[in-house]
Amino acid sequence: MCGVFGIFGDDRAASLTQLGLYSLQHRGQESWGMVSVSPEGVARATRAMGLISEASTRNAPLDARLAIGHTRYSTAGSSTIENAQPILARSRDGHIALGHNGNLTNATELRRELEDQGSIFSSTIDSEVMVHRIAKAADGAPETRLASALAPVEGAYSLVAIIGDTLLAARDPRGWRPLVMGSVNGAIVFASETCALDIVNATAIREVERGEIIAVDANGIRSIFPFERKPSARCVFEYVYFARPDSRVFGGSVDRARRALGRQLARECPAPSADLVFAVPDSSNSAALGYAEESHIPYELALIRNHYVGRTFIQPEQAGRDAKVKVKYNAVREVLQGKRVVMVDDSIVRGTTTRGLVAMVRGAGATEVHMRVSSPPVTGPCYYGIDTPNREHLIAANYTVDEIAEHIGVDSLGYLSLDGMLNAVPDGPEGFCHACFSGDYPTAPPTDPDKLRFGCGC
Ligand code: AMP
């Protein structure tokens with residue numbers, strides 16, 4: 001899970017990148033980074049653990065017309081500064097920088113091949129293999145070098161890169177992760193989501209197409225499609241949970257998608273006896289609104305989320321999972337007391353947060369709790385860039401819906417169907433990856449998923 005940003009052609013490139021990263025913070029909160037190139041052609045990297053808002057002035061980047069940035073979230077084991085991005089390397093032909101969103105499924109094989117040829121790696125992230133491959137790629141235009149570096153790479157990448165004085169953006173041939181191109185005052189901007197264009201006053205031009213590489217430099221904008229075109233596999237979970245509702249991803253509005261998911265959920269899984277509907281904030285706010293609109297049940301704010309709590313603030317081993325839920329959420333007793341309620345969430349993964357929330361809602365006086373989920377049961381891990389646990393920790397991979405209802409302590413539990421979800425999202429139902437719900441993986445899963453997860457780029 002990561003966010004990427006890149007800009008060419010504005011003297012404020014570094015500060016605009018920093019701003020863009022604020023809007024991509026939800027895509028990764030463990031570390032952030034920027035690489036900017038000064039007018040003299042000097043590249044400098046700034047990387048730090050934590051949030052972009054915690055950036056200190058000593059991290060102040062150079063004046064630059066060219067910069068890329070990255071926000072990163074990964075599994076715990078690989079949360080180190082060495083794995084922060086963008087990566088900056090210096091080869092005999094100059095600097096190469098790269099920021100990557102997605103997971104490569106053959107990174108281990110590619111890395112072994114490079115190590116056999118004498119490469120030494122400085123991180124455990126899959127993304128570094130792409131940098132090594134660019135460095136080894138024969139001379140030529142930057143986009144051609146990137147194309148030849150990416151040719152054997154499999155899996156998901158929406159990336160921004162700098163080779164010399166050229167900004168590059170690339171999306172894998174299946175297009176799992178979003179990437180959009182915009183412009184501001186003649187400068188070209190790339191970002192994972194349009195909310196990062198809005199913050200720098202850029203206007204969206206179009207999506208980077210799947211399988212496309214775009215190069216931007218003093219010679220203009222060039223686009224190539226060097227790879228064999230594959231069936232589209234846009235990640236449906238971007239609409240369900242991951243992207244911000246004020247963004248457009250894959251050309252569609254996340255807010256509209258979530259409301260449609262909520263409306264469809266209300267049609268498929270009504271709760272006619274309920275007095276009110278509320279969301280598990282924030283990612284399910286729009287879906288709960290859709291559910292309330294469709295069912296004509298009042299929408300209430302029954303759970304309040306503490307916005308000053310980051311994902312890594314309290315670890316389970318420090319204070320236990322219940323404490324973790326309580327630090328993040330609290331119930332509004334005045335809303336819940338004596339009420340039969342519909343609690344809408346976008347997904348249940350492990351079931352631990354949900355179980356804690358249901359207990360909290362009952363503790364605040366709710367008499368019936370009907371849980372509605374605006375996606376199908378998550379039954380498989382993601383190998384393409386969303387941080388989901390292994391199958392043994394996925395509650396829906398191991399228990400039936402009735403068993404889950406009992407475990408989380410609800411009076412009823414309803415999930416959106418796969419077809420309902422795929423028909424509700426913009427430009428559905430075809431062309432989406434829904435492997436985590438359906439088991440229908442667009443590529444063969446990696447041979448060593450644990451290793452991949454430990455060293456994942458996102
Ligand atoms: P749990 O009950 O522990 O499975 O947690 C469910 C909550 O996790 C829901 O509110 C989801 O919005 C949220 N969620 C879904 N996917 C992820 C993810 N990949 N990382 C972190 N939280 C997630």
Side-chain angles (χ1 to χ4, degrees), residues 3-24 32-48 52 55 57-71 84-91 93-101 130-131 134-135 140-146 158-171 179-206 208 212-224:
V4 296
F5 186 92
I7 179 164
F8 176 90
D10 191 305
D11 290 339
R12 302 162 303 156
S15 50
L16 293 181
T17 299
Q18 192 163 357
L19 268 181
L21 294 185
Y22 273 96
S23 289
L24 298 173
W32 63 274
M34 291 173 50
V35 169
S36 51
V37 181
S38 74
E40 297 75 40
V42 178
R44 200 177 84 174
T46 307
R47 282 187 293 260
I52 183 78
T57 45
R58 85 191 142 73
N59 294 133
L62 295 172
D63 285 343
R65 284 176 66 76
L66 167 59
I68 60 173
H70 189 268
T71 55
Q85 294 195 39
I87 299 165
L88 172 62
R90 297 177 208 280
S91 77
D93 303 318
H95 53 251
I96 300 163
L98 184 136
H100 168 211
N101 174 206
M130 296 188 278
V131 176
I134 296 169
E143 60 273 26
T144 328
R145 287 180 68 192
L146 182 58
S158 279
L159 61 83
V160 289
I162 294 173
I163 300 180
D165 294 325
T166 303
L167 171 66
L168 296 129
R171 239 176 118 203
L179 191 59
V180 65
M181 175 164 74
S183 72
V184 51
N185 301 329
I188 293 294
V189 184
F190 296 99
S192 297
E193 298 183 25
T194 57
C195 65
L197 299 184
D198 295 337
I199 195 172
V200 299
N201 290 322
T203 311
I205 301 174
R206 66 173 177 86
V208 177
E212 182 178 18
I213 295 178
I214 301 179
V216 189
D217 56 24
N219 299 320
I221 304 176
R222 303 177 296 279
S223 159
I224 57 170

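Residue numbers count from 1 along this sequence. All values below were derived from every heavy atom in this structure, side-chain atoms included, with hydrogens, water molecules and symmetry-related copies excluded. Small disclaimer: the values here were computed from a predicted structure and weren't measured.
In this structure, the separation between CD1 on I52 and OG1 on T17 is 9.5 Å, given to the nearest 0.5 Å. Between the CG atom in L167 and the CD1 atom in I7 there is a gap of 9.0 Å [rounded to 0.5 Å]. Separation of atoms OG1 (T71) and CG (L21) is listed at 6.0 Å; rounding is to 0.5 Å. Distance check: I163 CD1 to I134 CD1 gives 4.5 Å after rounding to the nearest 0.5 Å. Here CZ of F8 is found 10.0 Å from CD1 of I188. Values are rounded to the nearest 0.5 Å. Atom CZ in R65 sits 11.0 Å away from atom CG in D165 (nearest 0.5 Å).
The shortest heavy-atom contact between S91 and A135 is CB-CB, 4.0 Å. Considering all non-hydrogen atoms of both residues, A43 and V35 come closest at CB-CG1, 4.4 Å. The heavy-atom pair separating M34 from P86 by the smallest distance is N-CD, 3.5 Å. Between E143 and I224, the shortest heavy-atom distance links the atoms O-CD1, 3.7 Å. Scanning both residues, P142 and T166, for their nearest heavy atoms gives CG-OG1, 3.4 Å. Shortest non-hydrogen contact noted between D63 and P39 is O-CD, 3.6 Å.
Under the 4.5 Å side-chain criterion, counting only non-hydrogen atoms from C-beta, T203 is not in contact with L197. Between I213 and L168 the shortest side-chain heavy-atom distance falls below 4.5 Å. Within the 4.5 Å cutoff, the side chain of T46 has no heavy atoms near those of the Q18 side chain. The shortest distance between side-chain heavy atoms of R12 and N185 falls below 4.5 Å. In this structure, the side chains of M181 and R206 come closer than 4.5 Å at one or more pairs of heavy atoms. Between L159 and L146, some side-chain heavy-atom pair lies under the 4.5 Å cut-off.
Within the 3.5 Å criterion, the main-chain N or O of H100 finds a donor-acceptor partner in the side chain of Q85. Of the possible polar contacts, one joining the H95 side chain to the G164 backbone as a donor-acceptor pair under 3.5 Å is found.
The pair D217-R222 meets the salt-bridge criterion, since a charged nitrogen lies less than 4.0 angstrom from a carboxylate oxygen.
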Kindly indicate, with the supporting measurements, whether the criterion side-chain contact (heavy atoms from CB on, under 4.5 Å) is fulfilled by I214 and I221. CA-CA 7 Å; I214 301 179; I221 304 176; 3.8 Å; yes
